[in-house]
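This report concerns only the one structure given below.
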Amino acid sequence: MTCIDVTRNKVAVLAGGWSDEKDISLESGKAVKEALQEAGFDSVDLLNVADDDFMTKFARGGYDVAFIAMHGKYGEDGCVQGLCEVLHIPYTFSGVLASAMATEKDTAKVMFKAAGVPTPEGVTIPAGTELSDEQLDNLVATLGLPMFVKPACNGSSFGVTRVSDRSQLADAIATAAQEGDRVLVEECITGTEITVPVIGNEDPTALPIVEIVTGAEFYNLKVKYEPSSLHHVIPARLEAGVYAKAQQLAIRAHQALGCRGCSRHDFIVREDGTPVILETNTIPGMTARSLLPDSARHGGIEFPELCKRFVEYALEGAENKD
């Protein structure tokens with residue numbers, strides 16, 4: 001690593017940007033900065049990548065490591081990771097390829113299937129495609145109702161519609177198309193909604209599973225940004241064998257995508273006990289109400305220690321790559 005005492009490293013916390021999730025990213029960044037300072041880091045700067053002078057500050061700031069607290073486009077999709085690679089600055093969480101694959105939901109589904117991780121059936125449609133009535137009928141016949149329509153590449157439930165009637169389908173596809181160049185139409189899996197955080201590099205570990213109780217049709221934006229105590233049940237109320245299976249599948253998904261540092265995997269557990277993965281988040285939220293920090297806390301890892309570990313994983317990953 002850069003030095004024996006990890007807290008002596010100068011850290012740039014990268015947040016903000018231009019995506020739909022820039023505001024929650026800035027909130028995450030502020031929380032991370034405070035946590036790292038509490039963990040003993042002397043030099044921590046919070047940088048908004050959308051600022052005009054960001055590149056100058058970041059490239060010339062003498063940073064030992066970047067803590068990426070960005071969500072959505074340009075932050076979670078491999079773009080800012082590529083910038084860090086060009087500047088030879090170690091960074092937290094997954095690399096360029098893993099970040100890109102996890103963000104592209106249809107690509108991630110291919111990797112999940114290859115690794116034996118159950119995932120919903122789905123159909124990808126290029127944005128702007130005009131579907132005939134027959135094609136819409138075929139989607140319903142193939143995937144059933146209700147179904148979910150979502151951007152193939154986006155996060156935080158932007159552009160997602162739960163379609164319960166054939167008449168809603170065309171508008172749902174148009175809504176999702178506004179958020180990206182492809183739309184994913186997916187079968188609806190019913191059951192218990194959970195998320196499984198995974199941390200680590202070469203030998204990743206699953207944290208306590210969080211059961212998500214919403215009272216809404218799905219885990220939408222409003223629910224996500226409400227206090228965690230309203231919606232998080234930790235540990236999830238699952239039979240022991242199902243609990244262990246979900247953790248195993250989350251680690252398998254983490255490895256299949258080539259994730260590093262941490263990841264968070266959203267599942268629906270069917271009534272028969274089968275965990276079905278919906279998506280992987282490579283940069284989970286880092287606020288007091290966020291899922292991964294809440295899970296880590298229940299696992300005995302307080303937020304400052306968690307953020308410190310992520311810096312350690314970043315430096316470890318860079319050292320191993322070199």
Side-chain angles (χ1 to χ4, degrees), residues 17-24 71-79 100-113 117-195 212 214-226 231 265-271 274 276-282:
W18 305 270
S19 79
D20 296 328
E21 301 171 79
K22 58 183 179 295
D23 292 336
I24 192 68
H71 311 307
K73 194 172 183 181
Y74 304 118
E76 202 167 355
D77 57 3
C79 289
M101 288 196 299
T103 300
E104 301 287 345
K105 295 181 176 69
D106 48 350
T107 302
K109 289 171 77 68
V110 173
M111 302 304 293
F112 296 150
K113 288 182 177 181
V117 181
T119 186
E121 292 301 320
V123 175
T124 304
I125 302 168
T129 302
E130 292 289 338
L131 297 182
S132 66
D133 287 340
E134 182 179 359
Q135 289 172 315
L136 293 172
D137 290 339
N138 287 338
L139 283 175
V140 173
T142 301
L143 301 174
L145 289 172
M147 63 172 63
F148 278 99
V149 179
K150 60 186 74 172
C153 178
N154 207 338
S156 208
S157 302
F158 286 96
V160 178
T161 303
R162 185 180 189 272
V163 174
S164 56
D165 187 87
R166 157 69 172 79
S167 63
Q168 301 170 318
L169 185 52
D171 286 344
I173 292 172
T175 297
Q178 294 174 8
E179 301 291 339
D181 59 0
R182 297 182 325 285
V183 173
L184 178 61
V185 184
E186 199 171 54
E187 68 170 320
C188 176
I189 305 296
T190 59
T192 302
E193 189 166 359
I194 63 170
T195 193
I212 300 169
T214 66
E217 284 188 332
F218 63 99
Y219 195 45
N220 57 29
L221 284 172
K222 178 179 182 296
V223 173
K224 285 183 179 182
Y225 298 149
E226 289 177 344
H231 304 294
H265 309 268
D266 298 337
F267 288 84
I268 298 290
V269 180
R270 295 183 187 268
E271 287 188 8
T274 302
V276 180
I277 194 167
L278 303 179
E279 65 178 5
T280 290
N281 297 274
T282 53

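These values consider heavy atoms only, across backbone and side chains, with no hydrogens, waters or symmetry-generated copies.
Between Glu179 and Lys73, none of the side-chain N atoms (NZ, or NE/NH1/NH2) sits under 4.0 Å from a carboxylate O, so this pair counts as no salt bridge. Under the 4.0 Å criterion applied to side-chain N and carboxylate O atoms, Lys105 and Glu186 are not assigned as salt-bridge partners.
At a threshold of 4.5 Å between non-hydrogen side-chain atoms, the residues His71 and Asn281 do not count as touching. Within the 4.5 Å cutoff, side-chain heavy atoms of Val183 are placed close to those of Val149. Counting heavy atoms from C-beta outward, Leu145 and Asp165 have side chains that stay 4.5 Å or more apart.
Closest approach of Gly191 to Ile268, counting heavy atoms only: N-CG2, 3.6 Å. Counting all heavy atoms, side chain and backbone alike, Ala177 lies closest to Gly128 at CB-N, 4.4 Å. Residues Glu121 and Leu143 come closest through the heavy atom pair O-CD2, 3.8 Å. The two atoms that bring Pro146 and Cys188 nearest to each other are O-CB, 3.1 Å, heavy atoms only.
In this structure, CE in Met101 is found 9.5 Å from CZ in Phe112, a value given to the nearest 0.5 Å. Annotation: the span from Ile194 atom CD1 to Ile212 atom CD1 amounts to 8.5 Å, rounded to 0.5 Å. In this structure, the separation between NE2 on His265 and CD on Glu279 is 11.0 Å, given to the nearest 0.5 Å. In this structure, OG1 on Thr192 lies 12.5 Å from CZ on Arg270, to the nearest 0.5 angstrom. The CG atom of Leu278 lies 7.5 Å from the CD1 atom of Ile189; values are rounded to the nearest 0.5 Å. The distance from atom CZ of Phe148 to atom CG of Leu184, rounded to the nearest 0.5 Å, is 11.5 Å.
When atom types are taken as modelled, the side chain of Thr161 and the backbone of Ala176 share no donor-acceptor pair closer than 3.5 angstrom. Side-chain N or O atoms of Glu76 include one that pairs as donor or acceptor with a backbone N or O of Thr282 at under 3.5 Å. The backbone N or O of Ile277 lies less than 3.5 Å from a partner atom in the side chain of Thr119, making a donor-acceptor pair.
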Identify every side-chain donor-acceptor pair in residues 134-142 under 3.5 Å, counting partners at least two apart or on other chains, and give the distances.
from: Gln135; atom 1: OE1; to: Ser132; atom 2: N; distance (Å): 2.8
from: Gln135; atom 1: OE1; to: Ser132; atom 2: OG; distance (Å): 3.4
from: Asp137; atom 1: OD1; to: Arg166; atom 2: NE; distance (Å): 2.8
from: Asn138; atom 1: ND2; to: Glu134; atom 2: O; distance (Å): 3.4
from: Thr142; atom 1: OG1; to: Asn138; atom 2: O; distance (Å): 2.8

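Residues meeting the side chain to side chain donor-acceptor pair (under 3.5 Å) test with Thr274, sequence neighbours left out: Asp272.
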